There are 2 protein chains.
Amino acid sequence: MAATSELSASLEDYLEAIYHLVKEKQAARVKDIAERLHVKAASVTGALRALSERELVNYTPYEIVTFTRSGEAAALDVVRRHSALKDFFVKILLVDEASADSAACAMEHSVTRPLLERFVHFTQFVEDCPRAGTKWVRGFSYYCDHDSKQDNCEKCMRTNLDEVIQKKANKGAQAMTEQQLGSLKPGQKAKIVRVALADAASRRLVEMGMTVGTMVEVIKVAPLGDPVEIKLRGYHLSVRKKEAEGIYVEQAML
Amino acid sequence: MAATSELSASLEDYLEAIYHLVKEKQAARVKDIAERLHVKAASVTGALRALSERELVNYTPYEIVTFTRSGEAAALDVVRRHSALKDFFVKILLVDEASADSAACAMEHSVTRPLLERFVHFTQFVEDCPRAGTKWVRGFSYYCDHDSKQDNCEKCMRTNLDEVIQKKANKGAQAMTEQQLGSLKPGQKAKIVRVALADAASRRLVEMGMTVGTMVEVIKVAPLGDPVEIKLRGYHLSVRKKEAEGIYVEQAML
DNA sequence: TTGACAAGTTAGGCGCGGCTAATTAACTTT
DNA sequence: AAAGTTAATTAGCCGCGCCTAACTTGTCAA
Ligand SMILES: [Mn+2]
Ligand SMILES: [Mn+2]
Ligand SMILES: [Mn+2]
Ligand SMILES: [Mn+2]
């Protein structure tokens, strides 16, 4: 019954597809999975049987498909790998969205956990470190076209450094009071200081790394504030309004 | 006859293994290929048939295996992808050699050409740009352990910048005369200014990107100067002494 | 109520890439 | 030269993941 064997790349893609379909529409229909993965319906049925044998989805013929506990966790894991790699490709390597997406989906299956962590950390490093910052990486574009114009690089470096010092000087003025995650606007970063949620609701979030001390960035807020899309530890995550209200943060200075 | 279909990850690994065995020992024996890939001998025979059908190796039962023209090119391509990814993992993500190696071998099959180019360029960018340089990336290590100690980052940035300016001031003093590739010592970088080789000998090198204007770095030189291991365009390459004598370079300043 | 039709499943087939076991070829020894 | 040893090949099997074709099931409109 258990079955903890490694998932094949193919099955991981099925999990991923189901995850996204459940999120977009309410349920994951066989036909939609098939379309998404460019595969015939019969193949989907086979995959569902395989996932069901591994107890990752609850599946009986003709009935609706749902994730099991471990199934949802496994799906989240794939989605995270995909999104972390894509982020790296887009933000650091400056690859266009579409290419980054397909590349991420191809490589997500062979990247190990420690290596992924490195990718995530590196992306964060470049974003956070004053010498770097995503702005700096744009110099990479220039570098790609011309051959290593060092003068230009150097000038850019100085400008960047000055900006950082400027910002730092102003930081004392900023408020550092606790506020709800939902009150942040897109682009703002903050650190989690308290999580007050029902057990059931918080499980998923904790699994995604929503713990005290973690830095989060709000990516976008849907029309009525539900859901809020945030990024933490390099991964994207959708948080329902209710949940966002139970998460208290403190804004970073920089 | 033709058969230009995409190579499977498995067949690419066989090509890679054969390539390295031919380079290390003179020939690639079935048993050695099997050992290297953790596979049984019977599987190797099957793979050799498949490669032979695609005209990538010359193979008749019980006889020695050699690459065809296109086979060697295909093998080189895999080896390049492997080495470029590994380089990125080691130099930028600061992963240990062994992990980098296995990760590279896992991902080399799913990375597209344009994305690989990005990896290569980015690694070069970090190495060449004065604001960065491999030395800088070591700050990443520190960043991984502590959470974004920005003060430290900033200090490091200043130091680095000063060093660059220092070096730059001295550059006028350096000689810029043409010399043979073989005369460089490990660690030195130079730009190719002239290639004087027999057609047959130069084909392989040109395929690897050994063209006028390209930057090369000498990695190591074997006891008697043969072969010379160099890196160009982010890839590693072994050059025979004879060949190295026909390649003229000019040292870079920085 | 009852077709008609779309969605889903089952059955069976195929290519790939491993494997084992049995066979054959190529070398070594005696 | 014959026997023994190691390397390589063949034959045949299996699991995976896709496919097509034929079938069930569910739904909705006449
Ligand atoms: Mn994928
Ligand atoms: Mn994916
Ligand atoms: Mn490989
Ligand atoms: Mn490899």
Side-chain angles (χ1 to χ4, degrees), chain A residues 2-18 21-22 24-66 74-75 78 105-106 108-110, chain B residues 2-18 21-22 24-66 74-75 78 105-106 108-110:
Chain A
T4 319
S5 63
E6 281 298 289
L7 277 177
S8 66
S10 164
L11 290 186
E12 285 193 343
D13 279 339
Y14 280 102
L15 281 182
E16 207 185 3
I18 295 169
L21 286 170
V22 167
E24 284 165 25
K25 320 176 168 193
Q26 302 315 328
R29 281 156 60 229
V30 169
K31 194 192 159 206
D32 295 330
I33 300 174
E35 257 165 35
R36 205 181 170 98
L37 297 180
H38 306 112
V39 144
K40 302 297 174 187
S43 307
V44 175
T45 303
L48 287 177
R49 244 206 308 272
L51 290 174
S52 157
E53 260 163 36
R54 281 160 222 248
E55 299 182 336
L56 296 172
V57 298
N58 302 117
Y59 168 73
T60 31
Y62 295 105
E63 274 176 24
I64 204 168
V65 179
T66 59
V78 183
C105 212
E108 71 198 359
H109 312 290
S110 50
Chain B
T4 319
S5 62
E6 280 298 289
L7 276 178
S8 66
S10 164
L11 289 186
E12 285 193 343
D13 278 340
Y14 280 104
L15 281 182
E16 208 184 4
I18 295 169
L21 287 169
V22 167
E24 284 166 25
K25 319 172 168 197
Q26 303 315 329
R29 281 158 58 228
V30 169
K31 195 192 157 206
D32 294 330
I33 299 174
E35 256 165 35
R36 202 179 173 102
L37 296 180
H38 306 111
V39 144
K40 302 297 173 185
S43 307
V44 176
T45 302
L48 287 177
R49 244 206 308 272
L51 290 174
S52 157
E53 259 161 36
R54 281 159 222 248
E55 298 183 338
L56 296 172
V57 298
N58 303 114
Y59 167 72
T60 31
Y62 295 106
E63 273 176 25
I64 204 169
V65 179
T66 58
V78 183
C105 212
E108 70 198 359
H109 311 290
S110 50

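Chain letters run A, B, ... following the sequence lines, proteins first, then strands; residues in each count from 1. Everything numeric in this text was worked out from a predicted model, so none of it was measured.
Chain A approaches DNA chain C over the interval C:dA7 to C:dT10, counting the first and last nucleotide 5' to 3' with an atom under 4.0 Å from its heavy atoms.
The CG atom of A:Leu51 sits 10.5 Å away from atom CD of A:Glu12, with the distance rounded to the nearest 0.5 Å. For the atom pair A:Ile18 CD1 and A:Asp32 CG, the distance stands at 11.5 Å (nearest 0.5 Å). Note that the CG atom of A:Leu48 and the CG atom of A:Leu11 stand 10.0 Å from one another [nearest 0.5 Å]. Taking CG of A:Asp13 as the reference point, atom CD of A:Glu108 lies at 5.5 Å (rounded to 0.5 Å). With values rounded to the nearest 0.5 angstrom, B:Asn58 atom CG is found 10.5 Å from B:Glu63 atom CD.
Nearest heavy atoms, B:Thr45 versus B:Tyr59: CG2-OH, 3.5 Å.
A donor-acceptor pair is defined here as one N or O able to donate and one able to accept, closer than 3.5 Å; no such pair exists between the side chain of A:His38 and the backbone of A:Ala34.
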Contact state string [nucleotides 4-20 of chain D, B base, S sugar-phosphate only, - no protein heavy atom under 4.0 Å]: ---SBBB------SSBB
